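Let me begin by presenting the structure, written as structure tokens, before commenting on it.
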Amino acid sequence: MFLSSAEAIERLVPQGTGLLAVGGMHMHNNPMELVRELVRRRRGVRRLLTSPSASLAADLLIGAGLVDEVATAYIGFEHLGLAPAYRRAAESAAINVVELCEAAIVHGLYAGAGGLPFIALPAGLELSDVSSANPEHFRTLTDPFTGDRVLVAAPLRPNVSLIHAIAADERGNVFFAGAHFTDRLMAMAAKTVIVQVERMAEAGEIAAQPAESVLPGFLVTAVVVAPRGCLPTASHGAYGYDEPGLRAYLKLARTAEGFTEYVQVNGMAPSEVTA
Amino acid sequence: MSTAVEVEYSTGELMAAVMARHLRPGEVAIMGAVSALPQAACRLAQLTSAPGLWFIAGGSGAVNPHLDPLVASSCDERLLDADAVMTLPDVILVEGRGDLIDIFFAGGLQIDAHGNCNLGPIGPWRHPTLRGPGGVGLPFVSRAGRVVIYSMSHDRRTFVEHVDFVSGPGFAAGSVALHGGGPALIVTPLCTMDFDSDTHLARLATLHPGVTLAQVLESTGFAPIVPPKLETTPVPTPDQLAILRGLDPTGLLRGGA
């Protein structure tokens, strides 16, 4: 249950994983220690699924050339700017973008978690170009109840989900602080779930606040304790985002050479792999 | 009319005051990424002209965050100091109902004359010249009561004849197809626009103090409808500025945010 980040990635994330979901939202609760380990081990994924709004975790995996295809509704850095590696990869057509919206992601994960064959979306969503840009993910059917045309989308069933939380107990029950965004859905829909936490739960801590223990251990494959492991993104309940650290990334990642320098300076070169 | 002493204000503060005046008591508003400006507008409205207004601060799920202080990121943990907190999946679920959200604050790298917004690819979809971040929840604007579009850039790259990709649908498909009221207001650093009820095209409404009609037309990539009489956007009152500065001690609205 408790593994190092090296063990967890080595054992549980096979090369060429079909669908890898990475949690957090914007520059908050990105499971960066697990993501850095993917970069170190050069673990490529066929399709990366982001939360409705992704940031550093997605940009780093894309910049490292580890993603063939990304299914996302947003990759950026809000007020700090656009995502440099995502831009470079998409603008050179080096990756395929499966443009989704937040409803397709969240309802798609519900479908994955609940065994639903597909999801029907509210009328009006067909007016955006999201569905026409991705005919392989969306279809139009006739609503059997009303006879109206209805936009439907595919379920999302990640092979592996990587998420972050504040703490976990010895049985893998996960305890959140602040917002948990779409992380619980990503866990419920996935076959393999790796949870990065700031620390082990203290004795009696979960019992004292059971309402925050919202991901039971039977849904968790492995827990990785990584204190301050979300930096430079925030960890709700522990620390805010490191704005100078994010700005430093954005500055370097403007060029492919700068991106490589960032990877090396931040301990993600293949030579940093430990057993 | 005003006897108040002229007070210096920033463009962000002017825009917040304009957006606040558009909101009505008891309405429910929602906003997404990079939304310090509409959040400040909603809080200002709650404290002045729209008591009982509700607002959901983007991905945080915070309902009526107290903004003590205003923060830059829409998922900042400090937003959870709020009247209530919904989970993000619950927020995204009820956005689909179509009868709960009165005001949807939207934006885009491209905004067109029909109020379509693009936060996705600019240029060819599969090989864009500029890959925007993505539209997150913008397809849901089609189900909101009214859409308020805001942009901190007013230039011909942003305000275009037709967006290259529709993230948030405006009136282009015809108002019949929209399940909500559609775009109602555009607020930029130069002016405000509303939409003509017959043609569903953007129409200049007010020019900000010191801005000329020629300047707006020069900076806009489509030809907005120009009404016979153009008013000047009202400046924020000293009371409004005092509230905004109380929320925003670090000056997010004064640094061009």
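Reckoned from all heavy atoms, side chains included, excluding hydrogens, waters and symmetry mates. Chain A is the first sequence line, chain B the second, and so forth, proteins listed ahead of strands; every chain is numbered from 1. Predicted model only: the values in this text are computed from it and were never measured.
- Shown here is A:Arg199, whose CZ atom has more than 12 heavy atoms of other residues, nucleotides or ligands within 6.0 Å.
- The shortest distance between side-chain heavy atoms of A:Ser128 and B:Phe165 does not fall below 4.5 Å.
- Among all heavy-atom pairs drawn from A:Thr182 and B:Leu88, the shortest one is CG2-CD2, 4.1 Å.
- Taking A:Gly76, A:Ser51, A:Pro122 one by one and counting their heavy-atom pairs under 4.5 Å with chain B, the maximum is reached by A:Pro122.
- Inter-residue side-chain proximity for A:Leu82 and B:Arg131 is flagged as unmet; no heavy-atom pair is nearer than 4.5 Å.
- Looking at A:Phe77, there are no atoms closer than 4.5 Å to chain B (heavy atoms on both sides), in backbone or side chain.
- For A:Leu125, the parts lying near chain B are the backbone and the side chain together; criterion is any non-hydrogen pair under 4.5 Å.
- If you measure heavy-atom distances from B:Arg126 to chain A, the contacts under 4.5 Å come from both the backbone and the side chain.
- Looking at B:Thr87, the atoms closer than 4.5 Å to chain A (heavy atoms on both sides) all sit in the side chain, from C-beta outward.
- We find the SG-CZ distance between B:Cys75 and A:Phe181 to be 4.5 Å, quoted to the nearest 0.5 Å.
- When each of B:Gly58, B:Pro128, B:Gly96 is scored by its heavy-atom pairs under 4.5 Å with chain A, the top score falls to B:Pro128.
- Looking only at heavy-atom pairs under 4.5 Å with chain A, the residue among B:Ser142, B:Gly134, B:Pro133 that has the most is B:Pro133.
- Between A:Leu127 and B:Leu178 the shortest side-chain heavy-atom distance falls below 4.5 Å.
- Residue B:Leu138 does not touch chain A at all, counting heavy-atom pairs closer than 4.5 Å.
- Among B:Ala72, B:Gly120, B:Gly32, B:Ser35, the residue with the largest count of heavy-atom pairs under 4.5 Å with chain A is B:Ala72.
- In summary, of the residues considered (A:His28, A:His26, A:His236, A:Glu78), a side chain to side chain contact (heavy atoms under 4.5 Å, CB included) with B:Asp76 occurs for A:His28 alone.
- What you find for B:Pro121 and A:Glu99 is that their closest heavy atoms are CD-OE1, 3.6 Å.
- Listed in order of number, the residues of residues 83-98 of chain A that approach chain B to under 4.5 Å between heavy atoms are A:Tyr86, A:Arg87, A:Ala90, A:Glu91, A:Ser92, A:Ala93, A:Asn96, A:Val97.
- Between B:Val136 and A:Pro52 the shortest heavy-atom distance is CG1-O, 3.6 Å.
- Within the 3.5 Å criterion, the main-chain N or O of A:Ala179 finds no donor-acceptor partner in the side chain of B:Glu77.
- Atom CZ of B:Arg157 is surrounded by 12 or fewer heavy atoms from other residues, nucleotides or ligands within 6.0 Å.
- The parts of B:Leu130 that come within reach of chain A are both its backbone and its side chain, each placing non-hydrogen atoms under 4.5 angstrom from that chain.
- The candidate from A:Ala123, A:Ser53, A:Ala133, A:Ala104 with the greatest count of non-hydrogen atom pairs under 4.5 Å with chain B is A:Ala123.
- Taking non-hydrogen atoms and a 4.5 Å limit, the residue list of residues 59-71 of chain B in contact with chain A, ordered by number, reads B:Gly59, B:Ser60.
- By number of non-hydrogen pairs under 4.5 angstrom with chain B, the leading residue of A:His107, A:Met27, A:Glu102, A:His79 is A:Glu102.
- Of the listed residues B:Gly123, B:Gly98, B:Ser73, B:Pro169, the one with more heavy-atom pairs under 4.5 angstrom with chain A than any other is B:Ser73.
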